[in-house]
Amino acid sequence: MPVRSNIVGIDSPEALERALRAAYYLADDGIATASYLSLALGKPLLLEGAPGVGKTEAAKAIAAVLGRRLIRLQCYEGIDAAAALYEWNYPRQMLAIRQAGEESIDIYGESFLIERPMLAALRAPDATVLLIDEIDRADQEFEAFLLEFLSDFQISIPERGTVRATEHPVVVLTSNRTRDLHEALRRRCVYHWIDYPNAEREARIVMMRASSVAEATARAVVAAVGRLRREPLSKAPGIAEAVDWAEAATLLNKGGARWPDAFKRSIGVALKDEEDLHFISPRLDAIIAEAAA
């Protein structure tokens, strides 16, 4: 197994943690270590956790640290190899055949190939980061297809031959754990579970992402969001919602709304489900008052 102990000047998890912080991603030791080992060992990184804990943002930050283009493959039920690898431009092929007339033409040339995320990552492994987002949304057939790709980092295009990566591409997979992933997929990856950050670190994230937000506002929002996450909501607010709520409340306050009314009026950026809003409405004043105390 090739080991890359130094990746663009990063020779330790601590160095990667500092680089991620410079890219506005506040990583703890666990995710910094898992990310570093993934890069050093040339293995995919599998990040699992509840929606909104920062899995996709971690991939974006890694791409920023490496100075590479992020290629995102958003998974969904029914996704197939064509959506992930490549497709042929059939209308263009048919037009080329008609225009060629009696002349021979290669309708499987490069100009007719539509490149999808996984093929793009194979062709430029030193310039891209492939994000396979929410793999748990895909079905098991696609997951089985993915196993082969992650084993050999090559694909076969029947009309053109085999495309192999010149080096192991950087691949990040995310899962919200709506279903269990196959053990074979997990074995191919460096794994890390991302949980919600503690209140201190989440407040630092809010202030890092929303520089106009005062520390007291950030801490109040984080406390309120923590309370909301303990409620039986259909969609608990993630870190991004905490940042948005702090920014929205600050904006209303600057426009003349008093605290804590600014928090209450901007609740729609934290909770985005009608049933959740209806459920929490009777206790929202108490939650905000306690958080702002």
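Between the side chain of D136 and the backbone N or O of R177, at least one donor-acceptor pair lies under 3.5 Å. Side chain of D29 to backbone of A32: no donor-acceptor contact under 3.5 angstrom is found. Side chain of K272 to backbone of E241: no donor-acceptor contact under 3.5 angstrom is found. A donor-acceptor pair under 3.5 Å is formed between the side chain of S38 and the backbone N or O of K43. The backbone N or O of F153 lies less than 3.5 Å from no partner atom in the side chain of R164, so there is not a single donor-acceptor pair. A donor-acceptor contact shorter than 3.5 Å is absent between the side chain of R265 and the backbone of A249. Listed for the N253 side chain is no donor-acceptor partner under 3.5 Å among the backbone atoms of G256. Distance alone, capped at 3.5 Å, places no donor-acceptor pair between the R69 side chain and the V129 backbone. Proximity of a side-chain donor or acceptor of N89 to a complementary backbone N or O of L113 within less than 3.5 Å is not detected. For the pair T217 (side chain) and V213 (backbone), a donor-acceptor distance under 3.5 Å is absent.
Contact annotation: the side chain of L228 approaches that of I280 to within less than 4.5 Å [non-hydrogen atoms, C-beta and beyond]. Side-chain contact between E159 and W88: present, with at least one pair of heavy atoms (C-beta onward) separated by less than 4.5 Å. The shortest distance between side-chain heavy atoms of T166 and D126 does not fall below 4.5 Å. By the 4.5 Å heavy-atom criterion applied to side chains, L147 and L185 are counted as neighbours. For the pair I31/Y36, no side-chain contact is recorded, criterion being any heavy-atom separation below 4.5 Å from C-beta on. Two residues are said to be in side-chain contact when any heavy atoms from C-beta on lie closer than 4.5 Å; L47 and S175 fail this criterion. Side-chain contact check for E200 versus R219: some heavy-atom pair is nearer than 4.5 Å. Taking 4.5 Å as the limit, every side-chain heavy atom of V190 sits out of range of all side-chain heavy atoms of L46.
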Working note: I205 + I239, criterion side chain to side chain contact (heavy atoms under 4.5 Å, CB included); need CA distance, chi angles, decisive distance, verdict.
CA-CA 8 Å; I205 292 172; I239 298 173; 3.7 Å; yes
Steps toward side chain to side chain contact (heavy atoms under 4.5 Å, CB included) verdict (R209, E247):
CA-CA 10 Å; R209 292 278 181 161; E247 287 186 314; over 6 Å; no
T33 vs L16, test: side chain to side chain contact (heavy atoms under 4.5 Å, CB included). Steps then yes/no.
CA-CA 8 Å; T33 300; L16 180 56; over 6 Å; no
Audit row: L173, C189, side chain to side chain contact (heavy atoms under 4.5 Å, CB included) steps and yes/no:
CA-CA 9 Å; L173 301 94; C189 303; 4.0 Å; yes
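Applying the 6.0 Å contact sphere to OH of Y24 captures no more than 12 heavy atoms from other residues, nucleotides or ligands. More than 12 non-hydrogen atoms from other residues, nucleotides or ligands lie less than 6.0 angstrom from CD of E231. The environment of CD in E87 is crowded: more than 12 heavy-atom neighbours from other residues, nucleotides or ligands sit within 6.0 Å. By the 6.0 Å contact criterion, CZ on R137 is open, its count of non-hydrogen atoms from other residues, nucleotides or ligands being 12 or less.
L251 and V225 sit in two unconnected hydrophobic clusters of ILVMFWY residues. Membership requires side-chain heavy atoms under 4.5 Å apart, directly or through other members. Residues V222 and L284 are members of separate hydrophobic clusters, defined by side-chain heavy-atom contacts under 4.5 angstrom among Ile, Leu, Val, Met, Phe, Trp and Tyr. Neither V243 nor L252 shares a network with the other; the hydrophobic side chains, linked directly or stepwise wherever heavy atoms of I, L, V, M, F, W or Y lie under 4.5 Å apart, form separate groups for each. Cluster annotation: I194 is connected to V170 through the hydrophobic network of ILVMFWY side chains, with a link wherever side-chain heavy atoms come within less than 4.5 Å. At a threshold of 4.5 Å between side-chain heavy atoms, the hydrophobic network of Ile, Leu, Val, Met, Phe, Trp and Tyr places L20 and L26 in two separate groups.
We find that D276 and K235 are not joined by a salt bridge, their nearest charged nitrogen and carboxylate oxygen being 4.0 Å or further apart. Taking the charged nitrogens against the carboxylate oxygens, R187 and E183 have no contact shorter than 4.0 Å, which rules out a salt bridge. Between R179 and E48, no side-chain nitrogen of the basic residue sits less than 4.0 Å from a carboxylate oxygen of the acidic one, so the salt-bridge criterion is not met.
Note that CG of D244 is 10.5 Å distant from OG of S266, once rounded to the nearest 0.5 Å. To the nearest 0.5 Å, atoms CD (E77) and OG1 (T178) are separated by 10.0 Å. The CD atom of E143 sits 10.0 Å away from the CG atom of L150 when rounded to the nearest 0.5 Å. Rounding to the nearest 0.5 angstrom, the gap separating the CG atom in L131 from the CD1 atom in I135 is 11.0 Å. Between I132 atom CD1 and C75 atom SG the span is 6.5 Å, to the nearest 0.5 Å. Of the inter-residue distances, the one linking I62 atom CD1 with I10 atom CD1 reads 9.5 Å to the nearest 0.5 angstrom.
Heavy atoms only, all atoms of each residue included: R72 and P117 are closest at O-CG, 4.0 Å. Minimum heavy-atom separation, A236 to R229: CB-CG, 4.1 Å. When all heavy atoms of A248 and V269 are compared, the pair lying nearest together is CB-CG2, 3.9 Å. Considering every non-hydrogen atom in both L70 and A59, the closest pair reads CD1-O, 4.0 Å. The heavy-atom pair separating R188 from P44 by the smallest distance is O-CD, 3.1 Å. For the pair P169 and A121, the tightest heavy-atom approach, listed with the atom from each and the gap, is CB-O, 4.2 Å.
Annotation: cation-pi geometry satisfied between R283 and F279 (NZ/CZ under 6.0 angstrom from ring centroid, within 45° of ring axis). For the pair R160 and Y108, the NZ or CZ position fails the cation-pi test of under 6.0 Å to the six-membered ring centre and within 45 degrees of the ring normal.
Using a 30° and 60° split on the angle between ring planes, F142 and F145 fall in the tilted class, from 30° to 60°. Ring geometry for F263 against W259 counts as tilted: the plane angle lies between 30° and 60°, on a 0 to 90° scale.
With no hydrogens or angles considered, no side-chain donor-acceptor pair links Y25 and E57 at under 3.5 Å.
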